[in-house]
*Asks:* 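Please find one structure pasted underneath; my questions will follow.
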Amino acid sequence: MSDILRELLCVAEKAANIARACRQQEALFQLLIEEKKEGEKNKKFAVDFKTLADVLVQEVIKQNLENKFPGLGEKISGEESNEFTNDLDSTYQYIKGSADIKPNQGIFPCGLQCVTILIGVYDIQTGMPLMGVINQPFVSQDPNTHRWKGQCYWGLSYMGTNIHSLQLHIPKRNGSETLSQLTENTSSEAESHGFSAVISTSEKETVKAALLHVCGDSIFRAAGAGYKSLCVVQGLVDIYIFSDDTTFKWDSCAAHAILRSMGGGMVDLKECLERNPEKELNLPQLVYHVPNEGASGVDQWANKGGLIAYRSRKQLETFLSLLIQHLVPADTNT
């Protein structure tokens, strides 16, 4: 598993270099954009685009992993077809290329900082995520050379082993606090002072209204499902919630694996709202090995019930109990 993880980190950085290189020359970059065809499109958008960088990133990942681990390439699925006739997440932000967006308490609402390269590995028998790598190619820009530097995050949750890259960056309190103690304290603080959440600009009004009661002013809007999930991984917010069915397995698997390695996860929102926590002890985690029945094209890999990403189960249970109290009853089945 460690060999696979090392290779994933390597190919994620190669992919990030491609993303940065393709954005260097604006005139050339505009020639490398194409509208997606029917069956590839996300129904959330009237017009959906892919770039040559999207395709190159995905093919580099496939080919590198196939070369290193023969037979693995054919088991890799992603968002883009490998046709380009004229796995970046937040392609619109990548195309727009805004570099001067200011963050709100560390969270970027849009811009190149919201672009992520997402690589997730799941168990083909159970569908549970095992490894995840998120590479953020555009984190900081040199004011003189205008070149970008990125950041990479990873996590492994396999057979009782849970490790992740953020363990190296968590400060110790009083010089001796463990990761589990810090997670519990973070959870207690959130319950005492209210939750924070990141959402899509297209989130339903009923959900936003309920979140106002639960989170108050600590609701942040951001672009890109991968980036919003990363905000939870980084601890910038407690929750990422999305009630629509327009995110996909390739959007969620990487962050889900990292969050599992931290003691959190990613669950089906609709099933959570319908669940009786006293009778159903297990949370409805997203799984990745079974396509949606009756769906075609990309929709067969959609997260049909929406999703919630979280760092602490205790925190999630409290959040859900509060959210349900304030949701309009008719909306709980959407």
Side-chain angles (χ1 to χ4, degrees), residues 1-24 50-70 72-80 82 87-91 93-94 108 111-123 129-141 147-158 162-169 223-234 247-262 266 288 309:
M1 293 296 279
S2 61
D3 288 344
I4 296 176
L5 180 57
R6 274 194 292 268
E7 190 62 23
L8 292 184
L9 291 167
C10 179
V11 297
E13 187 56 29
K14 286 183 180 179
N17 286 331
I18 291 171
R20 287 187 285 261
C22 287
R23 272 250 48 118
Q24 280 301 115
K50 65 180 175 183
T51 71
L52 182 59
D54 288 295
V55 177
L56 283 174
V57 161
Q58 191 163 292
E59 291 305 303
V60 162
I61 291 169
K62 282 186 179 181
Q63 290 303 314
N64 275 257
L65 290 175
E66 175 64 27
N67 292 340
K68 189 78 173 180
F69 306 101
L72 188 59
E74 64 186 28
K75 292 182 169 62
I76 297 174
S77 301
E79 182 173 5
E80 313 302 346
N82 60 5
D87 205 345
L88 290 174
D89 184 53
S90 200
T91 297
Q93 299 302 323
Y94 182 62
F108 288 88
L112 283 171
Q113 289 87 348
C114 297
V115 174
T116 51
I117 292 163
L118 310 167
I119 309 176
V121 177
Y122 64 87
D123 186 313
L130 305 175
M131 281 187 286
V133 173
I134 302 178
N135 193 305
Q136 198 179 6
F138 306 97
V139 174
S140 60
Q141 188 177 33
R147 293 189 177 277
W148 286 90
K149 289 184 179 180
Q151 179 71 44
C152 197
Y153 304 85
W154 58 266
L156 167 68
S157 181
Y158 180 66
N162 292 286
I163 55 173
H164 55 85
S165 56
L166 279 86
Q167 286 170 311
L168 305 175
H169 304 292
Y227 177 68
K228 288 190 279 285
S229 300
L230 179 59
C231 288
V232 181
V233 169
Q234 292 173 307
T247 66
F248 299 88
K249 303 303 182 185
W250 45 78
D251 294 319
S252 56
C253 187
H256 191 174
I258 299 173
L259 287 167
R260 281 191 73 214
S261 74
M262 303 172 75
M266 203 173 288
Y288 297 87

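Because the structure is predicted, anything quoted here is derived from the model rather than measured.
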*Asks:* L5 versus V133: any side-chain heavy-atom pair under 4.5 Å?
*Replies:* yes
*Asks:* To check you understand the geometry: which heavy-atom pair defines the closest contact between H164 and S261, and what is its length?
*Replies:* CB-OG, 3.3 Å
*Asks:* Compare every heavy atom of M266 with every heavy atom of S252, then report the nearest pair and how far apart it is.
*Replies:* CB-SD, 3.3 Å
*Asks:* Tell me whether E7 is salt-bridged to K14, with the criterion being a basic N under 4.0 Å from an acidic carboxylate O.
*Replies:* no
*Asks:* Test side chain to side chain contact (heavy atoms under 4.5 Å, CB included) on I4 and F69 and set out the steps.
*Replies:* CA-CA 8 Å; I4 296 176; F69 306 101; 3.8 Å; yes
*Asks:* Once you round to the nearest 0.5 Å, how far does CZ of F248 lie from SG of C253?
*Replies:* 15.0 Å
*Asks:* Do the side chain of R260 and the main chain of P129 share a donor and acceptor less than 3.5 angstrom apart?
*Replies:* yes
*Asks:* Ignoring hydrogens, what is the shortest heavy-atom contact between V139 and W148? Give both atom names and the distance.
*Replies:* N-CE3, 3.8 Å
*Asks:* So, T116 side chain and G226 main chain: donor-acceptor pair closer than 3.5 Å or not?
*Replies:* no
*Asks:* Is a side-chain donor or acceptor of Q136 paired with a backbone partner of Q113 at a separation under 3.5 angstrom?
*Replies:* yes
*Asks:* Rounded to the nearest 0.5 Å, how far does CD1 of I258 lie from OG of S165?
*Replies:* 6.5 Å
*Asks:* May I have the step-by-step check of side chain to side chain contact (heavy atoms under 4.5 Å, CB included) for Y153 and Q234, ending in yes or no?
*Replies:* CA-CA 9 Å; Y153 304 85; Q234 292 173 307; 2.8 Å; yes
*Asks:* Determine whether W154 and L9 satisfy the following criterion, side chain to side chain contact (heavy atoms under 4.5 Å, CB included), listing intermediate values before the conclusion.
*Replies:* CA-CA 8 Å; W154 58 266; L9 291 167; 3.7 Å; yes
*Asks:* Quick check: does any side chain N or O of R147 sit under 3.5 Å from a backbone N or O of Q141, one acting as donor and the other as acceptor?
*Replies:* no
*Asks:* Can you name the side-chain contact (heavy atoms from CB on, under 4.5 Å) partners of V232, sequence neighbours left out?
*Replies:* V237, Y240, L259, A309, R311
*Asks:* May I ask you to check whether H256 and Y288 place their ring centers less than 6.0 Å from one another?
*Replies:* yes
*Asks:* Using modelled atom types and a 3.5 Å cut-off, is there a donor and acceptor pairing between side-chain atoms of D251 and backbone atoms of T247?
*Replies:* no
*Asks:* Do L8 and L65 come close enough that some side-chain heavy atom pair is under 4.5 Å?
*Replies:* yes
*Asks:* Tell me every residue that passes side chain to side chain donor-acceptor pair (under 3.5 Å) with D123, counting only those two or more places apart in sequence or in another chain.
*Replies:* none
*Asks:* Quick one: does any side-chain atom of Y122 pair with a main-chain N or O of A254 as donor and acceptor, under 3.5 Å?
*Replies:* no
*Asks:* Report the distance from atom CD1 of I119 to atom CD1 of I134, rounding to the nearest 0.5 Å.
*Replies:* 10.5 Å
*Asks:* Between atom CG of N67 and atom NZ of K62, what is the distance when rounded to the nearest 0.5 Å?
*Replies:* 13.5 Å
*Asks:* Minimum heavy-atom separation for N135 and A16, please, with both atom names.
*Replies:* OD1-CB, 3.4 Å
*Asks:* Does L156 form a side chain to side chain contact (heavy atoms under 4.5 Å, CB included) with N162? I'd like the steps, not just the answer.
*Replies:* CA-CA 6 Å; L156 167 68; N162 292 286; over 6 Å; no
*Asks:* If you measure from NZ on K68 to CG on D3, what distance do you get to the nearest 0.5 Å?
*Replies:* 7.0 Å
*Asks:* Using 0.5 Å steps for rounding, measure from the CD atom of E59 to the CD1 atom of I18.
*Replies:* 10.5 Å
